[in-house]
Amino acid sequence: MSEKRLTFKEMCAEFDVTPRTLRYYEYIELLQPEKEGRSRFYGPRELARMTLILRGRRFGFALEDIRQWLMIYEKEGTEAQMREWISLADRQMIELTEQKKQLEETMQELQALRDETAKTLG
């Protein structure tokens, strides 16, 4: 049984990304599809990497952090990658907590200004 392989177009559709995004991920070496002539094919490794890349982006990680994290797996294996993931996740939780605090403060200020304006109107 052959492994699942997606074309460039199928990969874009599968992960709901633009061709530009997919080409960029290749350019910065997050993905390395098999090339046959002018065609590109994405096998199980690239599908798994794309899932991790998009998950990392959803959590707010920089592409360079994701690239470094994926390289750890290639060079040092799963355990080292998992240790680095914990470290990255801890740092990101601190960052997200700070962003949440700032957002809540901004929302309170906006609500106060809105209420003050509404009172002025009577």
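Basis for what follows: all heavy atoms, side chains included, without hydrogens, waters or symmetry-related copies.
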For atom CZ of Arg45, decide whether the heavy atoms of other residues, nucleotides or ligands shown that lie under 6.0 angstrom number more than 12.
yes
I need the single residue from Glu26, Arg49, Glu10 that forms a side-chain hydrogen bond (donor to acceptor under 3.5 Å, both in side chains) with Tyr42. Which is it?
Glu26
Report yes if some heavy atom in the side chain of Trp85 is under 4.5 Å from a heavy atom in the side chain of Ile72; otherwise report no.
no
ILVMFWY network linking Met82 to Met93, side-chain heavy atoms under 4.5 angstrom:
no
Pairwise side-chain contact, Met50 with Leu54, heavy-atom cut-off 4.5 Å (strictly under):
yes
How about Leu63 and Tyr25: do any of their side-chain heavy atoms sit closer than 4.5 Å?
yes
Verify, without hydrogens or angle tests, whether Trp69 (side chain) and Gln81 (backbone) share a donor-acceptor contact under 3.5 angstrom.
yes
Residues, nucleotides or ligands: over 12 heavy atoms within 6.0 Å of Glu116 CD:
no
One thing to verify: whether Glu95 and Arg91 come together as a salt bridge, which I'm taking to mean a side-chain N less than 4.0 angstrom from a carboxylate O.
no
Value rounded to 0.5 Å, distance of CZ in Arg20 from CZ in Arg23:
9.0 Å
Nearest-0.5 Å distance, CG of residue Leu30 to OG1 of residue Thr21
11.5 Å
Using the side-chain contact (heavy atoms from CB on, under 4.5 Å) definition, which of the options Thr51, Leu22, Ile53 pairs with Phe15?
Thr51
What distance do Gln92 atom CD and Asp65 atom CG have between them, rounded to the nearest 0.5 Å?
8.0 Å
Show, in sequence, the C-alpha distance, side-chain angles and deciding distance for Thr120 and Thr117, and conclude whether the side-chain hydrogen bond (donor to acceptor under 3.5 Å, both in side chains) test is met.
CA-CA 5 Å; Thr120 303; Thr117 305; 5.8 Å; no
Expected output: side-chain Arg67 to main-chain Met71 donor-acceptor under 3.5 Å:
no
Crowded around Glu29 CD? As in, over 12 foreign heavy atoms under 6.0 Å?
no
Between Phe59 and Leu52, is there shared hydrophobic-cluster membership here, with clusters defined by ILVMFWY side-chain heavy atoms closer than 4.5 Å?
yes
If you count the non-hydrogen atoms of other residues, nucleotides and ligands that lie under 6.0 Å from CG in Asp16, is the total more than 12?
no
Are Pro19 and Phe8 side-chain neighbours, meaning at least one heavy-atom pair lies under 4.5 Å?
yes
Would one find more than 12 heavy atoms of other residues, nucleotides or ligands at under 6.0 Å from atom OH of Tyr24?
no
Starting from the C-alpha separation in whole Å, work towards a yes-or-no answer on side-chain contact (heavy atoms from CB on, under 4.5 Å) for Phe41 and Leu6.
CA-CA 5 Å; Phe41 294 95; Leu6 298 180; over 6 Å; no
side-chain hydrogen bond (donor to acceptor under 3.5 Å, both in side chains) for Glu64 and Gln68? Distances and angles first, verdict last.
CA-CA 6 Å; Glu64 181 57 23; Gln68 293 291 328; 2.6 Å; yes
Can Glu36 and Arg5 be counted as an ion pair, charged N to O under 4.0 angstrom?
yes
For the atom pair CD (Glu14) and CG (Leu47), what is the distance rounded to the nearest 0.5 Å?
6.5 Å
For Leu31 and Glu46, which heavy atoms make the closest approach, and how far apart are they?
CA-OE1, 3.2 Å
For a side-chain contact (heavy atoms from CB on, under 4.5 Å) check, start with the C-alpha distance between Glu84 and Leu88, then their side-chain angles and the critical distance, and finish with the verdict.
CA-CA 6 Å; Glu84 180 62 16; Leu88 285 169; 3.8 Å; yes
Between CZ of Phe61 and CD1 of Ile66, what distance do you get to the nearest 0.5 Å?
7.5 Å
Nearest 0.5 Å please: distance from the CD atom of Gln108 over to the CG atom of Leu103.
10.0 Å
